[in-house]
Each structure stands twice: as C-alpha cells, then as structure tokens.
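Scroll down for the structure; my scribbles are underneath it.
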Amino acid sequence: MTHHIPHAVRTALPMALALLALGSAPAQPAPRETVPGNWLYVTVAQGDVARSREVRGTLLLCGPPQGHRHAVRACEELRDADGDIARIPPKNVYCPMVHAPVTASARGQWDGRTVAYTKTFSNACLMGANTGAVFALSEPGVGRHAAKEAQGPRARPALGRPPTRAYGPA
C-alpha cells in the first residue's frame, strides 16, 4: 500500500502545478447577466429582514410590465415617480393601529440608475399606502391589516401623522 502513495503524489503534483499556473493568469470578470429595461427585485419580509422567516419576493419588469401580479399599476406608479419608490404619492386610506412590522426592499435598475430601497413599516397597510402597488405581492384587501378607503371628515392619511385638525363635530 505504501508504494501507491508516491504514485498518487507524482500524479497529483503536475495537476496542482497546472492549476496554480492557470490561477496566476489575470482574472477575467464573469459576464453579468443583465435584465433589459427597467426592473426591480422586490421583497416583503414579516418583521425585521435579518430575523424574518417569511420573505416573499418577485422580479418586477417594466418594459413591458410583467412578472408581478400588479405589474402594470406598479410600473405606472414607478414611471410617475421616476423610479424613486419614496416619491410615490401616499394613498389616503384607513389603516389599523396594529403593530405587525413588514420590511419592503427593492433593488434593480431604473433608466440606467441603480435603485436600492429598504424601509420597515408598522404594518402591511401602511406599506401599501406609501408604496402603492410596487410591493403588492398578495391580493388587495386580503389579510388582517388590509386598507380601507378613507372617506369623510374623520379620514386620516396612512402616514402615521396626526390629522391636520382635531376630531369632533364639524
């Protein structure tokens, strides 16, 4: 058995030297697969992303809109906001005062610019009210924290800010 070790070493040594020679050549960058047009990989995580066990995500393509349940509306909202999710106008909806945090994240390209967005909201309703259809990965109106359209003088925007006037008789 000891006579096989020198043979194995003699066989492995030239192979190891060849691999070292190949490794010393300048590294070529791996070709990056690119997605044409405007696109975002969007995720929604229950709670804090670092500790979440439930993370949902999808690729939102906007040329033409596809890959996302609400792609047409999401792409229109992004187009109107020039790809900046923080510039999407907030919706005027009722949201329950329930603390069930969700973290919305997006990364991708919009008009040649890199997009990176991450924000944690108190609940899914506030996320939807502030980001429109971009992170609407489930059917609207589904779930414990679904939004209700705000109507009347007591309607409060879903921004977590107090109303501009006090409650009471009008």
Side-chain angles (χ1 to χ4, degrees), residues 27-165 167:
Q28 298 296 322
R32 292 186 64 183
E33 292 184 32
T34 59
V35 178
N38 296 328
W39 62 275
L40 296 176
Y41 182 71
V42 295
T43 61
V44 177
Q46 299 299 316
D48 180 9
V49 176
R51 292 180 252 176
S52 181
R53 291 186 185 156
E54 183 181 336
V55 178
R56 294 174 292 140
T58 191
L59 181 63
L60 171 63
L61 301 171
C62 289
Q66 60 183 329
H68 182 287
R69 182 172 286 159
H70 307 283
V72 172
R73 191 174 65 195
C75 291
E76 287 172 359
E77 291 170 346
L78 285 164
R79 196 171 6 266
D80 292 345
D82 197 29
D84 185 352
I85 297 168
R87 288 184 44 207
I88 294 174
K91 312 298 180 275
N92 192 22
V93 296
Y94 285 116
C95 284
M97 294 179 63
V98 174
H99 186 72
V102 292
T103 300
S105 298
R107 60 182 168 76
Q109 295 285 316
W110 194 271
D111 289 338
R113 295 183 321 270
T114 299
V115 174
Y117 174 91
T118 299
K119 185 168 181 178
T120 300
F121 296 91
S122 295
N123 58 49
C125 177
L126 287 170
M127 177 188 68
N130 287 283
T131 62
V134 175
F135 297 100
L137 302 181
S138 61
E139 288 297 325
V142 175
R144 298 189 322 233
H145 310 298
K148 295 183 177 117
E149 286 295 322
Q151 299 172 358
R154 296 180 72 154
R156 293 181 64 181
L159 300 175
R161 293 184 225 146
T164 54
R165 66 185 190 110
Y167 288 101

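For the atom pair His99 NE2 and Leu126 CG, the distance stands at 11.0 Å (nearest 0.5 Å). In this structure, Phe121 CZ and Thr103 OG1 are separated by 9.0 Å, a value rounded to the nearest 0.5 Å. Atoms NE2 and CZ, on His68 and Phe135 in that order, are 8.5 Å from each other to the nearest 0.5 Å. Atoms SG and NZ, from Cys125 and Lys91 in turn, are 12.0 Å apart once rounded to the nearest 0.5 Å.
Using modelled atom types, one side-chain atom of Glu77 and one backbone atom of Ala133 make a donor-acceptor pair closer than 3.5 Å. The main-chain N or O of Pro96 is found under 3.5 Å from a side-chain atom of Asn123 such that the two form a donor-acceptor pair.
Tyr117 places a side-chain heavy atom less than 4.5 Å from the side chain of Thr131. Two residues are said to be in side-chain contact when any heavy atoms from C-beta on lie closer than 4.5 Å; Asn38 and Leu78 fail this criterion. Contact check for Met127 versus Lys119: no side-chain heavy atoms found under the 4.5 Å cut-off.
Not counting sequence neighbours, the partners of Asp84 by the side-chain contact (heavy atoms from CB on, under 4.5 Å) test are Ala86, Arg87. Scanning for side-chain contact (heavy atoms from CB on, under 4.5 Å) contacts around Arg107 gives Tyr41, with sequence neighbours left out. Under the rule for a salt bridge (Lys or Arg N to Asp or Glu O under 4.0 Å), the partners of Arg113 that lie at least two apart in sequence or sit in another chain are Asp82.
Scanning both residues, Val115 and Gly83, for their nearest heavy atoms gives CG2-O, 4.0 Å. Taking each heavy atom of Pro101 and Thr120 in turn, the nearest pair found is CB-CG2, 4.1 Å. Nearest heavy-atom pair, Ala129 versus Val93, reported as atom, atom and distance to 0.1 Å: CB-CG2, 3.6 Å.
Ile85 pairs with exactly one of Asn130, Val134, Val42 by the side-chain contact (heavy atoms from CB on, under 4.5 Å) rule, that one being Val134.
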May I have the step-by-step check of side-chain contact (heavy atoms from CB on, under 4.5 Å) for Val102 and Gln46, ending in yes or no?
-> CA-CA 5 Å; Val102 292; Gln46 299 299 316; 3.7 Å; yes
